Structure formats: C-alpha cells, structure tokens
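Small disclaimer: the values here were computed from a predicted structure and weren't measured.
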Amino acid sequence: MTTFRLYNTLTRAVEEFAPADGETVRMYTCGPTVYKPAHLGNFRTFLFEDLLRRVVVLRGWQTLQVMNLTDVDDKIISGASEAGVTIGEITAPVVKKFHEDRAFLRIQDAEIYPSATDHIPEMVALVKTLVDRGLAYRAEDGSVYFAIGKLHGYGKLSRLDTREVKTGARVIQDDYSKENAQDFALWKAAKEEDEKTGAAWDSPWGRGRPGWHLECSAMAMRYLGETMDIHCGGIDLIFPHHEDEIAQSEGATGAPFARFWCHGEFLLTDGSKMAKRIGNVATVADLKEQGVSAAAFRHFVFSTHYRKQLNLSGEALEASLEGVRRIGDFAARLEAARGATPALETIAAEAEKEVVEALSDDLNAPAALGSLYTFIRRANAELDRGGQDRAAVEAARKTFARINSVLDVIPEEAGPDPELAAWVEEKLAARRAARAARDFARADALRGEIEARGISIEDGPHGTRWKKIR
RNA sequence: GGCGCCGUGGCCAAGUGGUAAGGCGGCAGACUGCAAAUCUGCUAUUCGUCAGUUCGAUUCUGACCGGCGCCUCCA
C-alpha cells in the first residue's frame, strides 16, 4: 500500500502522514459555537473531517478525535441576556440539534465532545502558566492578554510576517488596555451581563470568562497531550484562531502543538461564502425539505476536493441525487446477485486499489468517486453477462463495502411499510395476469396506478422489482 | 492596500511536461409488449486571455482578465 499524504497548512505542502505513535491518530477538529444550529457550510467542514477520520480507519489506524462545543461566547451571552436565561438554556437545545443533524448526515461520532464550560479549571491553569512565563499580562481592565511580541515565531501558520495590515483598517482597538493592538484576550473580565447569564467564573485575576482561542488549547492538550497529530478546521480559522491557539499552547509547553494543520475550504451560496452574517445560510432542515438525502449531500460534498470552494446549486444536488440512486441500485443488485463472470474479481481488485490510492492522496474523494463509477459500470456489464462465479460476486461485495465504508453514499431504504407493500404486491399480481393475457393496456394502467404512489417498477428476467422513489 | 486560492465540454469535476478520468444532462443503439433499470456508442483537436521556457504545456514562468476568501472572535 502506498503512503498516506495530507496537505499541511503549516508547510503549504502535501506531506506523508502517519500517527506519531504509529497506531492512533490524535486529532482535534474545531466544532460549532452552539448559539444557532450549524449550517451546511459548517457541515461541509465536518464532513471533510468525517472523511479524514474514515480514511484514517481505512488505512488501518485508530482514531482519537476531539470535537469541542463552544458554549460560551459573546453571541450566546447576549442572546441569553436578552431572553433572561442562562447560557446553558440557550446552548442545550442547540447541542442536541447539532448531534441530530450530524447523525442525519452520517458524520461518525468523535471520541470526545468537550464543552468549554466544563473545562474552566484547565483554561485557568493554562493562563496561569502563560502569565508565569511572562507571555501574558493582566491589564487594567482585569482581562488577561497574550503578548504576541513576546513569543518568537508568532504568525508562522498564517505567514503573518509576509502580511501587512490593511490601510485604514481598524488598528485602533476597542480595548485601550492592551499593550499591543494585536494582543488577544485569554481571559475576559466579567461584565454584568456575564454574571447574570452564568458566564463568569473565579480566577486568580478576578471573575471572568475564557477567550475564544483558549478553550481549544486547553481541551486539546487535556485530551490529546502537548503535541497532537492533526488539527482541523475551516480555512477561515487559520487566522486568528489557530494562530492564537499555537501561540498559547506552544508558549506554555515549548512543544509543537500540532504536527499537521488541515483546513477545509468554504461552501458558497450564490457565489459567496455561506455565513450567518450574509444571510445566505441553508441548513439540514432545508435539505430535508427539498428531499435531498444524506447520501446525496455527502456525494455532493465529496464530488469536489476539500481544499476547493464548492458552490451549493440545485443542479449539482440533482446530479448527486441521481448518482447515489445509481450507486444504491448497484449495491442492491450486488446483494441479490448469485453469480457473475470471473472477470468481476479483477475489476473489483482494480477499483479498490484505485480508490484507496485516491483517498490516500490528500483525500481525493472526487477521484475516488470517479473510480467507483468506473467500477459500477464495469461490474454491471459483467453482471449483465450472467455467470456462475460466486467468489467474484463476494469479492465485488467486499470491495464495494470497503469503498462505501468511507463515502457512505447509499440512499436510505424507504422504511418497511407493510400496508403499502401488500398493496403493491396485489397490483403487481394483477398486472402480471394482464401481461400474461397480453392485455397491455390494462397492464400499463396498473403500472400507472403504482407509479402514482411514488413506486418505480422494473421488469427483469426473474420477475418484477419495485422500490419507493419518493 | 497586503496575503492566498481558483478559472477544464450544457452543468459538476479529477488530472499529468508527451498530448483531456468520472458523474449529471443530451442524442443514438441493444435489451423490453411498452417502459424502467442496465449495457454500448456519440457528446472538449481542447483545458480564462496573451506572451515566454521547452523537441513538446492544460500541466512550468510572467503579465493581464474574471471569480472567491482571509487581514481579530466567521467552518
């Protein structure tokens, strides 16, 4: 088997990857801020991470994935304050919804989903270390800031040294107590609103709450150690979020925070970034409303490489819908097959090799899908030929299962509905009789009745198959 | 203004210094009573434009055009 390669934002190059301990891939994937339900743009990133996770398993490694839930931040606090409730009352239903949506999209469970509010002691300890090491200071406003000027190499992930601050940009900070405009908050002094909504904790610097970046550093190191294998997130997190995580973590430990940094590109709507502030967001609920299955959405997401922008369009979604229909039909056909030509075994072996190679090449899912389709077309042709080779069918089944263990793109079966099934069987029997009597007008009328209820039928050499299509 | 990504057939999309995977759609054929499904063939002499390097460039370099993103709390 060839090596597994991943693009590393830190080096801006595709590099060979293997877990540091040779067995378990320790990865941290930046999770949602649980203020409002995550949108499809967020889920594109989570789907990219799901792909990574599944390919890691395909390569024979174990995973230890941590995905944080940011349950304390400005928006949550102001939302809670306006509603007159605690932050927990705002976040709890959103967390629940997140897991439901995630399950719908078949995003596998991470091993750990830590919440920021459950890890305040770890965060306080981290800030204390940074203050002790002279990298952070308590300002007059009671907040603690990280002094980026004190850390050698700050900006290495986003290549800050090669950047210039926008002319006329907001260099004048809202916070005059900072020593340097670009210093960022580790610990924010509590305001009345924070106390009121349960978003304030004790610390050596007084009541307050953690800054955004702090939770990720503290929780990542708590569960994954000082140096993890892979840290993932959306491309917009490179700066400042991940840059600041590196500063805090490496400033505290002196060890590299993550060996690989991997970032997924955006999902666009109407040509621009999908974002709440732009107001062009779509959610899992919208997918369901439009009849887009989880399989189809996964197919859609995987049809473009994760480091390329992807535009959400009805046409592309339609194509994916039709694509997974074909993949699902093929899976069912393979399941029902009793034999095939021996050539199918070779075809399967070639496909499996190609798919593993594509996925190992920086998660090239679009190429993997291409190979999957070639496999399906060639295998269908062999199946059309008939044949008695059971081992060949078994090999094809195994190959398909292995490929699908990563992509997971078979549309869900329409649930068993005994009443509907009995009705269809009855109609089919009548149609069979009509066809035997060569009364095709009657047969076609019966087919029309069946199709009117969203059932498609296929006449084959071994009888008629039917399935629910909507 | 700085930094970065992208531009491949009607739509989506992979890809390589040696002459364009795959999917959707469309057209034709096989199969079928007719369909559906499946299979077969066809659907880019060409990869934003213009130069350059090279025996040869879609693939490397430069310029330009077009789209998108980041530049302090957005996946």
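Looking at K273(A), its side chain comes within 3.5 Å of the base of C74(B) through a donor and an acceptor atom. Side-chain atoms of R326(A) and base atoms of G23(B) include no donor and acceptor less than 3.5 Å apart. With hydrogens and angles ignored, no donor-acceptor pair closer than 3.5 Å exists between the side chain of K308(A) and the base of C12(B). Side-chain N/O atoms of R447(A) and base N/O atoms of C34(B) include a donor-acceptor pair closer than 3.5 Å.
Atom CG in L267(A) sits roughly 15 Å away from atom P in C68(B) (whole-Å rounding). A straight line from CZ of F300(A) to C1' of C11(B) spans 12 Å, rounded to a whole angstrom. The nearest whole Å value for the distance from the CG atom in L268(A) to the P atom in C70(B) is 10 Å. Counting to the nearest Å, the P atom of G66(B) and the CD atom of Q309(A) are 17 Å from each other. Between the CD atom of E458(A) and the P atom of U32(B) there is a distance of 16 Å, rounded to whole Å. Atom C1' of nucleotide C12(B) and atom CZ of F302(A) are separated by 16 Å, given to the nearest angstrom. The separation between I238(A) atom CD1 and C3(B) atom P is 16 Å, rounded to whole Å. The CG atom of L369(A) sits 9 Å away from the C1' atom of G22(B) (whole-angstrom rounding).
In this structure, F43(A) has its ring center no closer than 6.0 Å to that of F297(A). Between H213(A) and F146(A), the distance from one ring center to the other does not fall under 6.0 angstrom. Aromatic pair F98(A)/F46(A): ring centres closer than 6.0 Å.
Considering only side-chain atoms of T374(A), the nucleotide from G33(B), A75(B), G22(B) that sits closest is G22(B). Set against C12(B), C74(B), A75(B), the side chain of M274(A) has A75(B) as its closest nucleotide. The side chain of E265(A) lies closest to C5(B), out of C74(B), C5(B), U72(B).
Here, U16(B) and G4(B) have their P atoms 22 Å apart, quoted to the whole Å. The C1' atoms of G22(B) and A44(B) are separated by 15 Å, rounded to the nearest whole Å. Remark: the separation of the P atoms in C47(B) and G9(B) is 10 Å, to the nearest Å. Taking atom P on both U58(B) and U8(B), the two are 15 Å apart, rounded to the nearest angstrom. Rounded to a whole angstrom, the distance from the C1' atom of U53(B) to that of A75(B) is 41 Å. Annotation: C39(B) and U32(B) have their C1' atoms spaced 14 Å apart (nearest Å). When the C1' atom is compared between C73(B) and A63(B), the two are found 38 Å apart, to the nearest whole Å. Taking atom C1' in both G48(B) and C6(B), one finds a spacing of 11 Å when rounded to whole Å.
With both pairing distances under 3.5 Å, C64(B) is matched to G48(B) as a Watson-Crick or G-U wobble pair. Across every strand in view, U53(B) sits unpaired, with no contact that passes the Watson-Crick or G-U test at under 3.5 angstrom. Across the strands present, G1(B) finds its partner in C71(B); the criterion is a Watson-Crick or G-U wobble pair with both atom distances under 3.5 angstrom. Under the Watson-Crick or G-U wobble criterion, with both distances below 3.5 Å, A28(B) is paired with U40(B).
At a threshold of 4.0 angstrom between heavy atoms, the contacts of I457(A) include nucleobase atoms, whether or not backbone atoms are also involved. R377(A) comes within 4.0 angstrom of the backbone, heavy atoms only, and of no base. Among the protein residues, R325(A) comes within range of the sugar-phosphate backbone only, with heavy atoms under 4.0 Å from sugar or phosphate atoms but none that close to a base. Nucleic acid contact for K467(A): none, since no nucleic acid atom lies under 4.0 Å from a heavy atom of the residue. Within the nucleic acid shown, Y373(A) comes within 4.0 Å of sugar-phosphate atoms alone, with no base atom in reach, counting heavy atoms only. Residue contacts shown for R432(A) are absent, as no nucleic acid heavy atom lies under 4.0 Å away. Residue-level contact check: R333(A) touches the backbone only, with heavy atoms under 4.0 Å from sugar-phosphate atoms and none from bases. Nucleic acid contact class of S272(A) (heavy atoms, under 4.0 Å, all strands): sugar-phosphate only. A275(A) comes within contact range of no nucleotide atom at all, as no heavy-atom separation falls under 4.0 Å.
Judged by distance alone, the side chains of Y137(A) and D183(A) do bring a donor and an acceptor atom under 3.5 Å apart. E82(A) and S78(A) form no side-chain donor-acceptor contact under 3.5 Å, judged by distance and modelled atom types alone. For the residue pair D459(A)/T464(A), the side-chain donor-acceptor check at 3.5 Å is satisfied. Side-chain contact of H263(A) with H242(A): a donor-acceptor pair under 3.5 Å is present, judged by distance alone. Looking only at atom types and distance, the side chain of H39(A) has no donor-acceptor partner in the side chain of T283(A) under 3.5 Å away. The closest side-chain donor-acceptor pair between S272(A) and D270(A), if any, does not fall under 3.5 angstrom. Between the side chains of W187(A) and S143(A), not a single donor N or O lies within less than 3.5 Å of an accepting N or O.
Between R5(A) and E15(A) no salt bridge is recorded (no basic side-chain N to carboxylate O distance below 4.0 Å). Between D74(A) and K188(A), at least one side-chain N (NZ, or NE/NH1/NH2) sits under 4.0 Å from a carboxylate O, which counts as a salt bridge.
Phosphate contact (OP1/OP2 of U38(B), side-chain N/O of N380(A), threshold under 4.0 Å): absent. Phosphate contact (OP1/OP2 of G23(B), side-chain N/O of S303(A), threshold under 4.0 Å): absent. In this model, the phosphate group of C73(B) is not approached by any side-chain N or O of K188(A) to a distance below 4.0 Å at OP1 or OP2.
The stretch residues 31-41 of chain A touches RNA chain B through H39(A), G41(A), each having a heavy atom within less than 4.0 Å of the strand. For the segment residues 336-368 of chain A, residues with any heavy atom less than 4.0 angstrom from an atom of RNA chain B are, sorted by number, N364(A), P366(A), A367(A).
In terms of position on RNA chain B, the residue among E318(A) and H305(A) whose nearest nucleotide sits closer to the 5' end is H305(A). Comparing S456(A) and D236(A) by the nucleotide of RNA chain B that holds the closest heavy atom to each, the one mapping nearer the 5' end is S456(A).
Under the 6.0 Å distance and 45° angle rule, R453(A) counts as a cation-pi partner of W423(A).
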Just distance, no hydrogens or angles: give the donor-acceptor pairs under 3.5 Å from side chains in residues 338-347 of chain A, sequence neighbours left out.
from    : atom 1 : to      : atom 2 : distance (Å)
T341(A) : OG1    : E382(A) : OE1    : 2.4

